[in-house]
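Just the heavy atoms: all of them, side chains too, but no hydrogens, waters or symmetry mates, feed the values below. Note that the structure is predicted; figures quoted are calculated from it, not measured. Chain letters run A, B, ... following the sequence lines, proteins first, then strands; residues in each count from 1.
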Amino acid sequence: MSHMLYNPAELELSVQQQWDEQEAFRADESAEGEKYYCLSMLPYPSGYLHMGHVRNYTIGDVISRYQRMRGRNVLQPMGWDAFGLPAENAAIKNNTAPAKWTYANIGHMKAQLKRLGFAYDWSREFATCTPQYYRWEQLMFTRLVRKGLAYRKDSEVNWDPVDQTVLANEQVVDGRGWRSGALVERKSIPQWFLRITDYADELLQGLDQLEGWPDSVKTMQRNWIGRSEGVEFRMPVCDEHGVLQPNLTVAVYTTRPDTGFGLTYAVLAPEHPLVAVITTTAQAEAVKDFVASAHAASDAERLALEGNLQKRGVFTGAWVLNPFTEKPVPVFIADYVLMGYGTGAIMAVPGQDKRDWDFAMSHNLPILRTVQAPEGWEGDAWTGDGPAINSEWLNGLAVNEAKEQAINWLEEQGLGQRTVNFRLRDWGVSRQRYWGCPIPVIYCDQCGAVPVPEDQLPVVLPENVQFMGVQSPIKADPEWRKTLCPECGAAAERETDTFDTFMESSWYYARYCCPAGEPLDERANYWLPVDQYIGGIEHAILHLMYFRFYHKLMRDAGLVQTDEPATRLLCQGMVVAETFSRIGSNGQLDWVNPIDVELERDDRGKIIGGKLRSDGSPVQLGAVEKMSKSKNNGVDPQGLVDRYGADTVRLFSMFAAPPDQSLEWSDSGVEGSFRFIKRLWSLVTSHVERGPTVGLEIATLTDSQREMRRLLHDAIAKISDDVSRRYTFNTAIAAIMEFCNHLARFDDQSEQGRAVQQEASLAVVRMLNPIIPHVCEVLWKALGENTPLYSAAWPEADETARKKLQLELVIQVNGKVRGRLEASPGTTKETALEQAMQIENVKRYLDGLSVRKVILIPDRLLNIVVG
RNA sequence: GCCCGGGUGGCGAAAUUGGUAGACGCAAGGGACUUAAAAUCCCUCGCCUGAAUAAGGCAUACCGGUUCGAUUCCGGUCCCGGGCACCA
């Protein structure tokens, strides 16, 4: 066997063929064992697998294969999040249909996934762009329309002028479109929304039950939902002398009613409907100008004003009565007040709110402090706790008590009521793009917006289309939208918008459970919830919030039974690499791919720069950054697979860092992983070559054979814990490497020595199977096993074998290590101290001093405190 | 500004409940094999003093505290990464 060199390409392809023939990873609801649903976020079929995919899917595969070895009935599916903008952009650029481009990409990426040997049940694969998939999404939507959970309203949206589409708030980053990078404009058009705000409280409270989710994700979701408790109250409109105008009030929302005595002015958002009503003739011109300029301001300009000391605004000429002081205060409009939150109007308390302070300073408005700031406070608005001052019946109360009193008072006076507000907005799901799931609605002049009847679903998106410019072909085609009203039979038109693609990724995990036929059947309740979900942290808010929301919608529709879709979540870190650049011929910075760079090091081995392999020209070392096209530091996994094989790529991506930290790509690191597999190969094959082994006779083992077994069973215990509880695959691999180093040095060719080697080799191969399954499957067979390794049991640590005969006790004097002692387990403090006193080096530090205290950490350490 | 993470050798990292800091790997240096190279194998490898594989000092961003003992706990400061960003 050893004459056979390790040839990864040949070996891996043959093993993969066996798995295919045996349908090794087909999941079956009636199989034995407790179910385990392991899911990695499905990829967008962009064309090629990148290192981020490889990392994500390797983590999922390791967990799946481990759970299978633990006897669980495992489902690990894979599919394609196939709708989306890039397909349209590619179609426009290359003059092909988005469907064709998408299916071609799926074909290529599927081949890449198969080459990496992931244990997927491919029989459940689907692409979300097929009518078989999206018809259930359409059906669900029509039911939500009837239930009132989906509704249509005119709304000002983020308009991306490059992509010609509406963006969700979440898709706007720093005032720019997340894909195009174009400055986002505002535009008002009719849109479909899902009432995610109806579920805001449940989505928030549900986070407390998600013990298996990272705190960072839960915190981000909590902040995004942004629940706040306060009070909404009304103030009557008056003139500057307090003379009331009949039937006009301004409603405001505040979380700080305790500061009501410091309310020195009020502010409306520029879009507030009352602006037109209350503005005085004298101020009409100024207000009109301001509203126009606020409306025209781009998001970038708005952003520049945020946190700025200068706050823009204008007086309306109107006044309102502060209910606490019964004095009139002026009403302004300003763009630091948002129409979309609370009532779109605020009470301003400059003494206790930083933004109000800034506005008051810019407009010379009075400031009255109502909370005693701590001694020495010389800053602006004090937002912390302290006793109330200048507040009559609230004076002396701490903030929380004063809040309660103020709310009670407002309620008793009939002026307001306790109110909870959320930052979370309803989810706008309309997109003005072609390559998405058609929104199943028909517009009739008589009947309005009518959901497409269930027996007419799916509304199929035509796939064989031609693009004229960037406009959606179904919007451009007058025929496609023509239809009849399902209610009255009159001529009507179809909706030509499509769903946000987050709709498809919100329920795909349930579809994998029963990929054909009715939307969901009892198999969904067998597999759900997902036991382990794995994906990128960039989905912490958007996808993972919609995913939880949609699950609750399906629960309330009677389709699933659990409250949450996934019990455990693992967010893998980014894949990063060094960046290299040089000045190009045009004087611009050219980014050079790390794979093309020969590294240069200083005397200590530190990387200081490099040379381009092709022409030897020097390149500059830049920062370590996320792999990206713009910095040209992406490494194509396909090249690595071709060169080293799938096992090496899998091993490296699991070894270089813990899964939740960023992973730095390193050429020589990959090489190191390859070397380890080769050493493993020669370790096992040279053992096998010496012929068959006899059974272990534990009672007859020598000390060194026992010691070898102790190392093995310690390793099994540690690796099992790392893989199953800690998810630190890097330390599990390190422990296997360490053990293999011991095993390689164990040169005992006696019968029992070889029996120990056989036991160790079988255990190592089983423990490495989740990570490098191809080479392990071959070595397993070589070791004489006939059943497939993928269904073999994970090794168990033998506690008896782990018992140490002798151990090393560290001796400290005053907390510093001064010696070591060979001791038997369970050595008492007295015995240990007595023996420690015999050590010359220890004696030196005790000389002339008296022992004050002795601390023994059993079997580990003895600390002698002297003075 | 607010909310999360994080800061340990030349590098990626480890130290799981407060108990030997640097496991494992990479890089580097030295050696063996080889006509040579590659591959492989062996040795060294935090910094400083020291001939040393004797012994010691310093060291986990910085300052201080708790403790017999702190990378780990507490308080403060600096820096890096991520999220949110005028949400009243």
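In this model, the phosphate group of B/G6 is not approached by any side-chain N or O of A/Gln661 to a distance below 4.0 Å at OP1 or OP2. Between A/Arg818 and B/G56 there is a side-chain N or O to OP1 or OP2 distance below 4.0 Å. OP1 or OP2 of B/C58 has at least one side-chain nitrogen or oxygen of A/Lys816 nearer than 4.0 Å. Contact annotation: A/Lys678 does not reach the phosphate of B/A39 (side-chain N/O to OP1 or OP2, under 4.0 Å). Between A/Arg726 and B/A15 there is a side-chain N or O to OP1 or OP2 distance below 4.0 Å.
Here the separation of B/C24 from B/C62, taken at their P atoms, is 26 Å to the nearest Å. To the nearest whole angstrom, the two P atoms, one in B/A14 and one in B/G25, are 15 Å apart. B/A15 and B/A54 have their P atoms separated by 29 Å, with the value rounded to a whole Å. As rounded to the nearest Å, B/C74 and B/G18 have P atoms that lie 11 Å from one another. Straight-line distance between the C1' atoms of B/C26 and B/C45: roughly 13 Å, to the nearest whole Å. B/U67 and B/G56 have their P atoms separated by 27 Å, given to the nearest Å. Look at the P atom in both B/C41 and B/G50: the space between them is 37 Å, to the nearest Å. Here the separation of B/C58 from B/A85, taken at their P atoms, is 50 Å to the nearest Å.
Going from atom CZ of A/Phe729 over to atom C1' of B/G12 covers 18 Å, rounded to whole Å. Regarding A/Leu599, its CG atom lies at a distance of 10 Å from the P atom of B/A28, rounded to whole Å. Counting to the nearest Å, the C1' atom of B/G83 and the CE atom of A/Met545 are 13 Å from each other. One interatomic measurement links the two molecules: NZ of A/Lys218 to P of B/G5, which rounds to 12 Å at whole-angstrom precision. Atom OH in A/Tyr341 sits roughly 14 Å away from atom C1' in B/A85 (whole-Å rounding). The CG-P distance, from A/Asn814 to B/A70, rounds to 12 Å in whole Å. B/C4 atom P lies 10 Å from atom CG of A/Asp215, rounded to whole Å. Per the geometry, CG belonging to A/Leu424 stands 12 Å off P belonging to B/A85, to the nearest Å.
Across B/A88, B/A85, B/G56, the shortest atom-to-atom separation from the side chain of A/Asn841 is found for B/G56. Across B/C4, B/C84, B/A55, the shortest atom-to-atom separation from the side chain of A/Ile541 is found for B/C84. When the nucleotides B/G56, B/A13, B/A85 are ranked by their closest atom to the side chain of A/Arg423, B/A85 comes out on top. Set against B/A88, B/A85, B/U16, the side chain of A/Asp722 has B/U16 as its closest nucleotide. Taking the side chain of A/Arg844 as heavy atoms from C-beta on, and the options B/U16, B/A88, B/G56, the nearest nucleotide is B/G56.
Contact check on A/Asp201 versus A/Arg227 returns a salt bridge, with a Lys/Arg side-chain nitrogen under 4.0 Å from an Asp/Glu carboxylate oxygen. Ion pairing between a basic and an acidic side chain is recognised when a charged N comes within 4.0 Å of a carboxylate O; A/Asp208 and A/Arg222 show such pairing. Note on A/Asp714 versus A/Arg802: salt bridge recorded, some NZ/NE/NH1/NH2 to OD/OE distance being below 4.0 Å.
Here A/Phe359 and A/Tyr265 bring their ring centres to under 6.0 angstrom of each other. Note: A/His742 and A/Phe746 fail the aromatic proximity criterion, with ring centroids not under 6.0 Å apart.
The aromatic rings of A/Tyr546 and A/Trp427 lie parallel to each other, with less than 30° between the two planes, well short of the 60° mark.
Distance check, rounded to the nearest 0.5 Å: CG of A/Leu821 to CD1 of A/Ile811 gives 4.5 Å. Interatomic distance, CG of A/Asn841 versus CZ of A/Arg820, reported as 11.0 Å (0.5 Å rounding). Taking CG from A/Leu711 and CD1 from A/Ile716, the interatomic distance works out to 11.5 Å, rounded to the nearest 0.5 Å.
Syn is the conformation of B/G9, whose glycosidic angle sits no further than 90° from 0.
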Next on the checklist: Walk along nucleotides 18-27 of chain B from 5' to 3' and tag each nucleotide B, S or - by protein heavy-atom contact under 4.0 Å, base first, then sugar-phosphate.
Outcome noted: -BB--BBSSS
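Here A/Val349 lies out of heavy-atom contact (under 4.0 Å) with every strand. A/Ser682 comes within 4.0 angstrom of nothing in the nucleic acid, heavy atoms only. Nucleic acid contact class of A/Phe739 (heavy atoms, under 4.0 Å, all strands): none. A/Ala656 comes within 4.0 angstrom of sugar-phosphate atoms only, judged by non-hydrogen atoms across all strands, and of no base.
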Item to check | side-chain contact (heavy atoms from CB on, under 4.5 Å) assessment of A/Tyr644 paired with A/Ser673 | outcome: CA-CA 9 Å; A/Tyr644 300 103; A/Ser673 294; over 6 Å; no
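With the 3.5 Å cutoff on both pairing distances, Watson-Crick and G-U pairs in RNA chain B assemble into runs of at least 3 at B:1-7 with B:78-84, B:10-12 with B:24-26, B:28-32 with B:40-44, B:46-49 with B:55-58, B:61-65 with B:73-77.
Partners of A/Trp213 under the ring pair (Phe, Tyr, Trp, His ring centres under 6.0 Å) rule, at least two apart in sequence or in another chain, do not exist in this structure.
A side-chain donor-acceptor contact under 3.5 Å links A/Asp722 and A/Thr731.
With RNA chain B read from its 5' end, the first of the two nearest nucleotides for A/Ile346 and A/Pro658 is the one closest to A/Pro658.
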